[in-house]
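Data first, discussion second: the structure below is written as structure tokens.
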Amino acid sequence: MRLSRYFLPVLKETPADAQIASHRLMLRAGMIKQQQAGIYSWLPLGFKVLKRIEQIVHEEQVRAGHIPLLMPTLQPADLWQESGRYDAYGPEMLRIKDRHGRDMLYGPTNEEMITDIFRSHVESYKSLPLTLYHIQWKFRDEVRPRFGVMRGREFLMKDGYNFDLTKEDALHAYNRHMVSYLRTYERMGLTAIPMRADSGPIGGDDTHEFLVLAETGESEVFYDAQVPDLKLGERRVDYDNRDEVAGICEEFTTLYARTDETHDEALFNAIPEERRRVGRGIEVGQIFYFGTKYSEAMGATVNTPDQGRVPVHMGSHGIGVSRLVGALIEANHDDKGIIWPEGVTPFHVGIVNLKQGDVSCDSACEALYRAFVEAGLEPLYDDRAERAGAKFATMDLIGLPWRITVGPRGIASGKVELTSRRTGESEEMTSEEAVEKVAAIYAAL
RNA sequence: CGGGGCGUAGCGCAGCCUGGUAGCGCGUCUGUUUUGGGUACAGAAGGUCGUGAGUUCGAAUCUCGCCGCCCCGACCA
């Protein structure tokens with residue numbers, strides 16, 4: 001993409017309404033525009049990041065054997081009356097009437113609807129196990145939306161639902177989700193810690209929240225200093241292997257890590273003092289096992305091998321996709337702007353032409369641009385007639401992890417400069433070497 | 001939903017107390033200039049001062065209502 005032809009409305013000054021870093025930077029970098037309290041338009045740069053995150057979530061769900069579908073944002077009230085949540089949910093649920101006076105709602109979650117889909121088409125234990133998920137916009141009419149996309153009213157969420165014959169099977173689904181989530185966050189360059197949590201209104205016995213450590217987090221967290229060092233890394237996971245999956249879950253949940261909701265002072269104090277940590281975290285996902293709560297209420301039953309009929313065991317599992325954009329920035333920024341991890345960056349590399357209109361600089365930039373496109377990468381070429389300072393400031397603000405600087409001085413000796421946004425370190429090399437190096441970095445992801 | 005604050009040009013703000021022709025910086029547009037970290041000069045465009053009512057000869061300014069937004073708490077992917 002050529003910046004002169006892109007739509008990137010960056011702001012030099014910080015909008016007064018934004019208090020925390022991610023919100024400020026998303027506005028300044030032209031990623032979002034607020035339309036109402038807690039409701040945002042996603043401008044091209046923000047939309048790109050959102051889509052990258054969504055893509056990673058999809059890939060890891062499919063890898064775990066889960067099946068994508070898409071349910072509507074608007075739901076009929078009667079499904080929720082069946083489960084009893086129409087009255088239980090309260091004013092957080094946005095209720096709407098259509099022209100015929102029928103009661104509808106903008107879905108805050110989809111347990112009822114997915115259960116309806118399941119019961120319409122599944123009759124036999126032979127169809128199990130089954131895990132369906134979608135990534136769709138949700139609406140929760142928060143009393144007080146804040147922190148930009150981290151606490152919006154409208155938000156994009158991946159929500160998945162497992163249907164299993166037995167509790168044991170459902171717990172395997174639970175574990176599968178935990179491992180797939182760990183992998184999802186790691187690919188984004190985030191450390192998200194599973195913490196035992198309260199079940200809240202969704203109900204159920206087993207639940208973990210995934211927290212990204214950040215000072216601006218809304219939850220207080222207590223954890224063993226060794227927990228953030230746990231990594232899934234390169235290991236291959238067979239998601240059908242129950243023992244292996246359970247083993248990984250055990251590895252990641254044995255050390256103490258809890259939110260204030262479930263914090264246990266005595267257990268915490270059993271950790272050696274130098275390893276006790278208290279901090280704050282941003283919740284970016286949650287997994288639940290809730291048994292037959294919805295299947296019983298809504299008649300989602302299957303025939304069993306011994307001629308019986310039983311309600312299925314279920315769980316639901318969510319990742320806050322739009323919230324992750326904010327959480328990623330909270331975890332990756334400095335005073336100049338955003339620093340995207342390679343896994344989610346909107347463009348792979350920025351090309352800065354220090355002397356637009358200079359024949360040798362222009363042609364070197366064009367050649368770099370073509371080379372990156374041919375290598376399957378997306379460059380953002382700042383070809384505006386701005387001076388160097390403005391171009392650097394824009395690149396720093398929008399946070400592309402790699403920048404190539406092309407100027408008359410370097411070009412005279414056949415060199416360009418490759419700079420890491422994270423470390424600020426620069427290296428001189430030929431254009432070919434720069435393309436090769438950047439391509440190798442992304443190929444290794 | 002309790003408490004606090006704000007609404008004046010695209011963005012950031014001053015003016016309001018003490019009513020009298022609506023201003024500044026940035027951005028935008030035109031021209032010149034400059035060119036390795038948000039450049040300089042000259043000119044231009046852009047505002048029913050959130051909204052409705054009231055007081056007044058006269059309201060951005062005073063009074064009341066409404067709407068919107070932000071912050072702190074209680075609640076949540």
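Chain A is the first sequence line, chain B the second, and so forth, proteins listed ahead of strands; every chain is numbered from 1.
One C1' atom belongs to B:G58, the other to B:C1, and the distance between them is 42 Å to the nearest Å. Taking the C1' atoms as reference points, B:G68 lies 7 Å from B:G50, given to the whole Å. Between B:G15 and B:G7, the two P atoms lie 10 Å apart (nearest whole Å). Between B:G25 and B:G38, the two C1' atoms lie 14 Å apart (nearest whole Å). Between the C1' atoms of B:G52 and B:G46, the separation comes to 27 Å (whole Å). With P as the reference atom, B:U61 and B:U21 are 14 Å apart, rounded to whole Å. On the P atoms, B:G54 is 50 Å away from B:G31, given to the nearest whole Å. Remark: the separation of the C1' atoms in B:U51 and B:G43 is 37 Å, to the nearest Å.
A:G152 comes within 4.0 angstrom of a nucleotide base, judged by non-hydrogen atoms across all strands. Among the heavy atoms of the strands, none lies under 4.0 Å from A:D159. Here A:R24 lies out of heavy-atom contact (under 4.0 Å) with every strand. Within 4.0 Å of A:T14, counting heavy atoms only, lie sugar-phosphate atoms of the nucleic acid but no base atom. Residue-level contact check: A:L354 touches the bases, meaning some heavy atom is under 4.0 Å from a base atom. The residue A:G318 sits apart from the nucleic acid: no heavy atom pair falls under 4.0 Å. Counting non-hydrogen atoms under 4.0 angstrom, A:A37 reaches the backbone sugars and phosphates but no base.
Straight-line distance from the NZ atom of A:K33 to the P atom of B:C69: 12 Å, rounded to whole Å. Computed from coordinates, the A:D260 CG to B:A74 P distance equals 10 Å when rounded to whole Å. A:R384 has its CZ atom 19 Å from the P atom of B:U35, to the nearest Å. Atom CZ in A:R151 sits about 11 Å away from atom P in B:A74, given to the nearest Å. Atom pair A:I398:CD1 and B:G37:P shows a separation of 19 Å (rounding to whole Å applied). Atom CG of A:D358 and atom P of B:U34 are 15 Å apart (whole Å). Rounding to whole angstrom units, NZ of residue A:K355 and P of B:U33 are separated by 14 Å. With rounding to whole Å, A:Q35 atom CD is found 13 Å from B:C70 atom P.
Judged by the 6.0 Å distance and 45° axis criteria, A:R2 is positioned over the aromatic ring of A:Y369. Because its NZ or CZ atom is both nearer than 6.0 Å to the ring centre of A:F347 and within 45° of the ring axis, A:K48 counts as a cation-pi partner of that residue. Cation-pi contact between A:R119 and A:Y294: absent, since separation from the ring centre below 6.0 Å together with deviation from the ring axis within 45° is not met.
Applying the 3.5 Å distance criterion, the base of B:G25 shares a donor-acceptor pair with the side chain of A:E13.
Of the candidates B:G38, B:C70, B:G36, B:G38 carries the atom nearest the A:R28 side chain, counting heavy atoms from C-beta on. Comparing atom distances between the A:V143 side chain and each of B:A74, B:G38, B:G37 picks out B:A74 as nearest. When distances are taken from the side chain of A:Q36 to each of B:C69, B:C76, B:C1, the shortest belongs to B:C69. Of the candidates B:G38, B:G37, B:C71, the closest approach to any side-chain atom of A:A388 belongs to B:G37. Among B:G36, B:A74, B:C69, the nucleotide with an atom closest to any side-chain atom of A:R387 is B:G36. Distances were taken from every side-chain heavy atom of A:R146 (C-beta onward) to each of B:G12, B:C72, B:C69; the shortest belongs to B:C72. Side-chain proximity of A:R140 to B:A74, B:C76, B:G37: nearest is B:C76.
Using a distance-only test at 3.5 Å, with no hydrogens or angles considered, no donor-acceptor pair links the side chain of A:S295 to the main chain of A:P311. In this structure, A:D383 contributes its side chain and A:S4 its backbone to a donor-acceptor pair below 3.5 Å.
Remark on RNA chain B: of its neighbouring residues A:T394 and A:V149, the 5'-side contact belongs to A:T394, judged by nearest-heavy-atom nucleotide. Nearest-nucleotide positions on RNA chain B for A:P145 and A:F155 put A:P145 closer to the 5' end.
Across the strands present, B:C6 finds its partner in B:G68; the criterion is a Watson-Crick or G-U wobble pair with both atom distances under 3.5 angstrom. B:G31 and B:C41 make up a base pair, with Watson-Crick or G-U wobble contacts both under 3.5 Å. B:G19 is unpaired under the Watson-Crick or G-U wobble criterion, no partner having all donor-acceptor distances under 3.5 Å. Using N1 to N3 plus N6-O4 or O6-N4 for Watson-Crick, or N1-O2 and O6-N3 for G-U wobble, each under 3.5 Å, B:U63 pairs with B:A53. When Watson-Crick and G-U wobble pairs are counted only if both distances are under 3.5 Å, B:C1 pairs with B:G73. Nucleotide B:C11 has B:G25 as its partner under the Watson-Crick or G-U criteria, with both atom distances under 3.5 Å.
Among all heavy-atom pairs drawn from A:G337 and A:R421, the shortest one is N-NH2, 3.3 Å. Considering every non-hydrogen atom in both A:V438 and A:V349, the closest pair reads CG1-CB, 4.2 Å.
Proximity of A:Q34 to the phosphate of B:C70: a side-chain N or O atom is located under 4.0 Å from OP1 or OP2. Side-chain nitrogen and oxygen atoms of A:K12 include at least one within less than 4.0 Å of the OP1 or OP2 phosphate oxygen of B:G27. Between A:R144 and B:C70 there is no side-chain N or O to OP1 or OP2 distance below 4.0 Å.
Less than 6.0 angstrom separates the ring centroid of A:Y256 from the ring centroid of A:F268.
Among A:I287, A:I193, A:I319, the single residue meeting the side chain to side chain contact (heavy atoms under 4.5 Å, CB included) criterion with A:F210 is A:I287.
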